[in-house]
Amino acid sequence: MTIAENIKRVQEIIAQACVRVNRDPDEVTLIAVSKTHPAEVVLEAVATGVQHFGENRVEEAENKIPVVNARTSVLLMWHMIGHIQSRKAKNIVPLFQQVHSVDSFKLAGKLSSLAVERDIRLNIFLEINVSGEEAKHGIRATGWESNPGVRESVWLEVGQILTLPGLRVRGLMTMAPIVENMEQSRPVFASLTALRLGLAESFQVDLPDLSMGMTDDYPVAIEEGATMVRIGRAIFGTREK
Ligand SMILES: *Cc1c(COP(=O)(O)O)cnc(C)c1O
């Protein structure tokens, strides 16, 4: 299968998932996760009409993004989806239009100051760990629905981040655990959707986006409300280590 065929198939699966839950497919943005793949491969995806790309490592992005941008007249949107050490925050701001992996007030504060210096507002997502896996990054929110202590700490951290002047908080992002059957991830996605609603109501803010769903689980993520899906392998094939 070519990249163009893969993208067409993913778009069909997105559309079918939307039909099942009466959503408009235009509400779902496909982010092609191009990590580990070279500029030429990204440009093949650009040629099919994809405009959103996800990268997870700063050094790789610094080498790739300027090359891709220079070789197309299409205005691309670059999404940082990987964990960010705060000392790398300054490299992120000039390269990426959206940052999905903001997981602490400390990192958010750094990004905000850098954005203010450049006179922009950076679009960010708050990465939330709803699944409870220890190894995962993200603001810890497992059980926020029933555990007042968890709820309080999530609300405190999000409330602080919402005060930062250089950021526009677009919504929430999560990664579901690796499971046999994507149905097992449904509660994780449903929990993120409910959390978005709870936070939006409490803070009286618009949090329009939910970044959730990858190759193994995006149909279920869309059924549960995803507005951005981050898809690598289904488009570009398996990654070499
Ligand atoms: C790699 C990655 C993806 C894409 O994963 P696939 O399983 O290849 O679709 C999505 N989100 C994040 C945060 C990633 O690191």
Side-chain angles (χ1 to χ4, degrees), residues 1-3 5-14 17 28-38 41-42 44-45 48 50-62 64-65 77-85 88 92 95-104 107 111 123-141 170-186 188-189 192 209-241:
M1 293 269 267
T2 64
I3 286 173
E5 285 166 338
N6 288 341
I7 289 170
K8 189 154 174 273
R9 207 178 118 71
V10 167
Q11 281 165 339
E12 279 163 12
I13 293 171
I14 291 172
V28 181
T29 300
L30 170 60
I31 300 173
V33 175
S34 49
K35 63 188 186 195
T36 77
H37 299 288
V41 172
V42 180
E44 266 186 70
T48 74
V50 173
Q51 282 178 274
H52 294 262
F53 291 90
E55 289 286 336
N56 71 335
R57 297 182 55 191
V58 178
E59 292 81 4
E60 185 180 341
E62 282 176 325
K64 194 188 303 182
I65 292 176
M77 293 282 272
W78 292 94
H79 300 256
M80 177 58 184
I81 61 173
H83 183 63
I84 304 165
Q85 292 164 299
K88 293 278 175 69
I92 299 290
L95 282 174
F96 290 95
Q97 286 71 53
Q98 305 210 9
V99 181
H100 292 234
S101 39
V102 177
D103 60 358
S104 69
L107 173 62
L111 291 170
N123 287 296
I124 66 138
F125 289 75
L126 304 175
E127 182 171 357
I128 308 286
N129 181 339
V130 262
S131 70
E133 289 170 284
E134 280 299 321
K136 282 229 156 75
H137 295 289
I139 297 168
R140 305 213 158 253
R170 304 231 26 125
L172 308 181
M173 177 274 218
T174 201
M175 285 174 86
I178 296 166
V179 290
E180 292 265 294
N181 177 337
M182 66 174 99
E183 279 302 326
Q184 293 168 267
S185 295
R186 192 180 291 279
V188 169
F189 298 136
L192 197 74
D209 283 309
L210 280 173
S211 169
M212 58 187 195
M214 314 181 8
T215 291
D216 289 332
D217 54 28
Y218 68 99
V220 168
I222 291 168
E223 288 174 14
E224 293 300 327
T227 67
M228 298 195 143
V229 290
R230 310 178 308 267
I231 302 192
R233 287 167 299 139
I235 293 174
F236 299 111
T238 50
R239 286 179 290 273
E240 295 185 15
K241 266 275 152 186

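Any value given below was found using the heavy atoms of this structure, including those in side chains, with hydrogens, waters and symmetry copies removed. One-based numbering, in listed order, for ligands and for the atoms of each.
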Using a 4.0 Å cutoff against the non-hydrogen atoms of [X], which atoms of ligand 1 qualify?
{"X": "Arg230", "answer": "4 (C), 9 (O), 10 (C), 11 (N), 12 (C), 13 (C)"}
{"X": "Ile231", "answer": "9 (O)"}
{"X": "Gly232", "answer": "4 (C), 6 (P), 8 (O), 9 (O)"}
{"X": "Thr215", "answer": "6 (P), 7 (O), 8 (O), 9 (O)"}
{"X": "Arg233", "answer": "6 (P), 7 (O), 8 (O), 9 (O)"}
{"X": "Met175", "answer": "13 (C)"}

Looking only at heavy atoms of His100, does any of them come nearer than 4.0 Å to an atom of ligand 1? no
Please determine whether a side-chain nitrogen of the Lys or Arg among [X] and [Y] lies less than 4.0 Å from a carboxylate oxygen of the Asp or Glu.
{"X": "Lys136", "Y": "Glu127", "answer": "no"}
{"X": "Glu60", "Y": "Arg57", "answer": "no"}
{"X": "Arg9", "Y": "Glu12", "answer": "no"}

Run through His79, His83, His137 and flag the one making a ring pair (Phe, Tyr, Trp, His ring centres under 6.0 Å) with His100. His79
Top protein contact for [atom], by heavy-atom distance:
{"atom": "atom 12 (C) of ligand 1", "result": "Ile81 CD1, 3.4 Å"}
{"atom": "atom 1 (C) of ligand 1", "result": "Lys35 NZ, 1.4 Å"}
{"atom": "atom 5 (O) of ligand 1", "result": "Met214 CE, 3.5 Å"}

Is Val10 close to Tyr218 at the side-chain level, that is, under 4.5 Å between some pair of heavy atoms?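 In contact.
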Looking at Ser101 and Ile84, what are the two nearest heavy atoms and their distance?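 Smallest interatomic distance, heavy atoms only, reads OG-CD1, 3.7 Å.
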Establish, yes or no, whether a centroid distance under 6.0 Å links the rings of Trp78 and Phe53. yes
